[in-house]
2 protein chains.
Amino acid sequence: MDERKWLFDLLNVEEQQLSEKQLNILQAAIEMFAEKGYAATSTSEIAKRAGVAEGTIFRHYKTKKDLLLAIVKPTLFQSVAPFLAKKFVKDVFENEYEHYEQFVRAVFKNRYEFVKTYLPAIRVLWQEMAFHSDIKVQFQTIFINHVYDKFKQIVEHFQQKGELALFPPETIIRLTITTIAGFLLTRFIVMPDYPWDDEQEMERTIQFLMNGLKKT
Amino acid sequence: MDERKWLFDLLNVEEQQLSEKQLNILQAAIEMFAEKGYAATSTSEIAKRAGVAEGTIFRHYKTKKDLLLAIVKPTLFQSVAPFLAKKFVKDVFENEYEHYEQFVRAVFKNRYEFVKTYLPAIRVLWQEMAFHSDIKVQFQTIFINHVYDKFKQIVEHFQQKGELALFPPETIIRLTITTIAGFLLTRFIVMPDYPWDDEQEMERTIQFLMNGLKKT
DNA sequence: AATTAAAGTGAGTAATCACTCATTTTGACG
DNA sequence: CGTCAAAATGAGTGATTACTCACTTTAATT
């Protein structure tokens, strides 16, 4: 079997639902959009790389933009997946995570594996968000509706326990996300060839984050 | 006089060196590349917005890519400008900055003003770096030759004074940069419409950074 | 006023673009 | 094997692309 389980997982579909050719198209599109950008990639190039006729692409996706959205939408959902689970906040309040640090460690590790697995699709999402306002709006909507409120509850919970600095919750959320995202960006996009010791560097990043957010 | 001093400053040229039409072309290109991306912007659109004939663009720039580089190269240099000054490290060692915090404050404020002034050009640089490996290589070269070494000296200086955690200097550099860049990215790109109190939020960011990097 | 070089113009060009559609291939069924 | 619908094909379409070049306009100097 071809090693494409990740594609099914990303798109959240069963193996029977997608034909071999359709898989080839999606994989080729993800790779080329990630490398050259959506606008600079032609449908004929995608067809060539996927080993199908150009017309086949348009059998499955009405337009080139539809093909982009078929990649970007699932990736967007997976990007915030941990926060979509209902039991997520519940876990925090029922002492699944006794300290903010444990919560952060869980999220960090989880998102690290996520980026490692789906890097090209994630690149497509974030690169194209800069140019397509509809994608940006979708992200903002999902973030406000599913991430922000839950994250805020969690932060306030640990602030009341006296663990976290009394910054506005939005500030703590921002600093937490940019610290984690800053590592992942440096690790996988800016300097992927640097000889990283991932575990150590993540440990230092968490120490930095927790010291920075500690109540003083 | 048209308010275009920023363009001369960015390109680092005198006012006489560029004709009115050439300025129009550069400004239109910066705005459209920032909004729609280089590949999705046609030279005919740029000419229209600049109020010139399409041929005029190619009188000044041999190719469309040349036009992009005429924007990106100066922006890249300005992005790391503070580290290009020879006296920069000297200032640190001669107690111009007694503590790492003062150094960070100076850089932070300086880069905040920089991003605020040249935002569209900066967007072009970072967006297109993802797609043009020649731009990425140029950035890496400049960073290694002009930023990394000096930054490392500064970090080691304050580590020896016992101010900073004994993380590897590269880690401290990374955490410093991603914390500052994380604020600027959130402030100017991700959520530019949020009612920011810039001074307070930058103060909190510095507190976070210094506590995170403090020797424990 | 005449000269001249530089700046600007815009119609023209070959190549490529996203997309269509009449036709062929495929594979599951009787 | 024969039937048939779905999947796949690729030549063809009009629109758009980056770029060229013969020509005109501008403006400074004689």
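Throughout, protein chains are lettered first and strands after them, A, B, ... in sequence-line order, and every chain is numbered starting at 1. When reading the values below, keep in mind they use all heavy atoms of this one structure, side chains included, and skip hydrogens, waters and symmetry mates.
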Among the nucleotides C:dG10, D:dA18, D:dT9, which one has an atom lying closest to any side-chain atom of B:F58? D:dA18
If we count only N and O atoms by modelled type, under 3.5 Å, do the side chains of B:S44 and B:E54 hold a donor and an acceptor together? no
Beyond-backbone contact of B:F108 with B:L209, side-chain heavy atoms, under 4.5 angstrom: no
Please say whether more than 12 non-hydrogen atoms of neighbouring residues, nucleotides or ligands are located less than 6.0 Å from CD in B:E199. no
Using a cut-off of less than 4.0 Å, is there contact between a side-chain N or O of B:K21 and OP1 or OP2 of C:dT9? yes
I want to check one thing: is the phosphate of D:dA7, taken as OP1 and OP2, less than 4.0 Å away from some side-chain N or O of A:H60? no
Name the closest nucleotide to the A:T56 side chain, picking from D:dA18, D:dT9, C:dT20. D:dT9
From CG of A:L67 over to P of C:dC19, roughly how many Å is that when rounded to an integer? 10 Å
Expressed as a whole number of angstroms, how long is the span from A:K62:NZ to C:dT20:P? 9 Å
With salt bridge (charged side-chain N to carboxylate O under 4.0 Å, His left out) as the test, would you mind laying out the steps for A:E45 and A:R49 before giving the verdict? CA-CA 6 Å; A:E45 288 176 295; A:R49 157 106 67 138; over 6 Å; no
note: A:L68, atom CG; C:dA18, atom P; distance rounded to Å ~ 13 Å
Between C:dT16 atom P and A:I46 atom CD1, what is the distance in whole Å? 17 Å
Below 4.0 angstrom from OP1 or OP2 of C:dT16, is there any side-chain N or O of A:S44? no
Can you find a donor-acceptor pair, distance only, under 3.5 Å between A:R59 side chain and D:dA8 base? yes
Is there a side-chain polar atom (N or O) of A:T43 under 4.0 Å from OP1 or OP2 of C:dT16? no
What is the distance, rounded to the nearest whole Å, between atom CD1 of A:I57 and atom P of D:dA11? 16 Å
Within the structure provided, determine whether A:Y97 and A:V104 are in side-chain contact (heavy-atom separation under 4.5 Å). no
Report yes if at least one side-chain N or O of A:S42 is closer than 4.0 Å to OP1 or OP2 of C:dT16; otherwise report no. no
Round to a whole Å and report the spacing from CD of B:E45 to C1' of D:dA18. 13 Å
Separation of C:dC19 C1' from A:K65 NZ (nearest whole Å): 17 Å
Between A:E54 (CD) and D:dA7 (C1'), how many Å, whole number? 17 Å
